[in-house]
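Quantities reported herein were computed from a predicted structural model and do not represent experimental measurements. Heavy-atom basis, side chains included; hydrogens, waters and symmetry copies ignored.
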Amino acid sequence: EQLNPSWSEHQVLSFLEQQIRDLKLSFNEDYNARLEEDEEKKRWIEGKRFEREEQLNQETVVERIISLSHPHLRDYVIQRRIDYGVAQRYCKEVHYSLRGKQYYAIAFMNVTGGMEARNKLNKRCIGKKGISVIYPQGTPQKHCCVFEGFFDMLTYASIEAWMPGIDICVEMTCDFFVLNGVGEVRSLLPYLKEYDSIHCYLDNDDAGRTATKTIVKAYPDAAVDESHKYKGYNDLNDCLVGIT
């Protein structure tokens with residue numbers, strides 16, 4: 001009644017109800033506008049990243065791919081608490097030139113024929129981006145684990161081989177899928193349809209949680225979020241480094 005002394009109680013309630021609707025509409029419009037703006041920024045950043053990778057790939061000459069053996073790369077693997085034998089089993093060593101300079105890195109191949117190239121100072125993709133599919137037993141199993149980056153997969157394999165008491169790995173034998181970037185989650189989904197269980201070991205950040213939700217939504221009866229096993233750490237490798 002303080003709004004307008006002449007209004008009846010019904011008029012006051014009607015006014016407040018209309019205000020609530022108007023404010024909610026305004027809030028929703030503002031919120032949706034912010035979401036669209038954030039998505040536009042993400043698309044712009046992703047576009048620029050793609051342009052940069054394309055430019056680098058055009059200027060990159062892969063000279064040779066060999067077994068992982070360089071002592072500096074070995075030291076980097078060990079620094080990350082990865083078993084070197086595990087790294088040698090799943091990774092290669094790439095030597096390439098870029099703008100007249102020579103480089104070498106750990107190479108992790110993907111299904112497109114491209115590779116993730118990593119050393120202590122640099123992280124990039126050579127060739128086309130794509131997921132990686134690993135069958136540790138040589139043939140597909142009925143269970144699988146999904147990782148965001150290949151160092152997390154190497155971490156899992158190292159724990160499985162040498163530290164089963166940590167209770168991070170699952171009991172069954174699993175195939176490994178590596179996204180090599182959360183942007184590849186949609187291309188991963190068709191590979192997962194034959195599995196009885198899908199164990200998601202993605203990063204404990206917004207992007208990782210969103211990717212996990214996408215997988216769980218696609219396969220609600222099979223997918224399991226395992227990120228609680230390294231709660232307090234950004235990813236599985238950070239957890240291993242932190243506890244060893």
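Following chains of ILVMFWY side-chain contacts shorter than 4.5 Å, one can reach Trp162 starting from Leu154, so the two form part of one hydrophobic cluster. The hydrophobic cluster containing Ile198 also contains Ile131, counting ILVMFWY residues as joined when their side-chain heavy atoms lie under 4.5 angstrom apart, directly or transitively. Tracing side-chain contacts under 4.5 Å through hydrophobic residues (I, L, V, M, F, W, Y), one never reaches Val216 starting from Leu192; they form parts of separate clusters. Criterion: ILVMFWY side-chain heavy atoms under 4.5 Å apart, direct or through other members. Under it, Val224 and Val182 are not part of a common hydrophobic cluster. The cluster map of Ile, Leu, Val, Met, Phe, Trp and Tyr, joined by side-chain heavy atoms under 4.5 Å apart, puts Ile159 and Tyr233 in the same cluster.
Considering CG of Leu188 and OG of Ser132, their distance stands at 11.0 Å, rounded to 0.5 Å. Taking CG of Leu121 as the reference point, atom OH of Tyr76 lies at 9.0 Å (rounded to 0.5 Å). In this structure, the separation between CZ on Arg89 and CG on Asp83 is 11.0 Å, given to the nearest 0.5 Å. The distance from atom OG1 of Thr210 to atom CG of Asp203, rounded to the nearest 0.5 Å, is 11.5 Å. Distance check, rounded to the nearest 0.5 Å: CG of Asp225 to CD1 of Ile215 gives 9.5 Å. Within the model, atoms NE2 of His70 and CG of Asp75 stand 10.0 Å from one another, a figure rounded to the nearest 0.5 Å.
Between the side chain of Glu148 and the main chain of Leu202, no donor-acceptor pair closer than 3.5 Å is present. Formation of a donor-acceptor pair under 3.5 Å by the Glu93 side chain with backbone atoms of Ser69 is found in this model. Checking side-chain atoms of Thr155 against main-chain N and O of Leu236 turns up no donor-acceptor pair under 3.5 Å.
The pair Lys129-Glu116 meets the salt-bridge criterion, with a side-chain N (NZ, NE, NH1 or NH2) lying under 4.0 Å from an Asp/Glu carboxylate O.
When each of Arg64, Glu63, His95, His72 is tested with Tyr104 by the rule side chain to side chain donor-acceptor pair (under 3.5 Å), just one qualifies, namely His72.
Aromatic pair Phe177/Phe147: ring centres not closer than 6.0 Å. Between Tyr156 and Tyr201, the distance from one ring center to the other falls under 6.0 angstrom.
A cation-pi arrangement is present between Arg80 and Phe151, with the terminal nitrogen or guanidinium carbon under 6.0 Å from the aromatic centre and inside a 45° cone about the axis. In this structure, Arg124 is positioned above the aromatic face of Tyr96, its NZ or CZ under 6.0 Å from the six-membered ring centre and within 45° of the axis.
Between Gln141 and Met172 there is no side-chain heavy-atom pair separated by less than 4.5 Å. The shortest side-chain heavy-atom distance between Asn204 and Asp235 does not fall under the 4.5 Å cut-off. The shortest side-chain heavy-atom distance between Val146 and Val178 does not fall under the 4.5 Å cut-off. Side-chain contact between Tyr195 and Lys142: absent, with no pair of heavy atoms (C-beta onward) separated by less than 4.5 Å.
Arg99 and Thr60 share no side-chain donor-acceptor pair at under 3.5 Å. A donor-acceptor contact under 3.5 angstrom links the side chains of Glu226 and His199, judged on distance only. For the residue pair Arg81 / Asn237, no side-chain donor-acceptor distance below 3.5 Å is found, with atom types taken as modelled.
No more than 12 heavy atoms of other residues, nucleotides or ligands sit less than 6.0 Å from atom NZ of Lys213.
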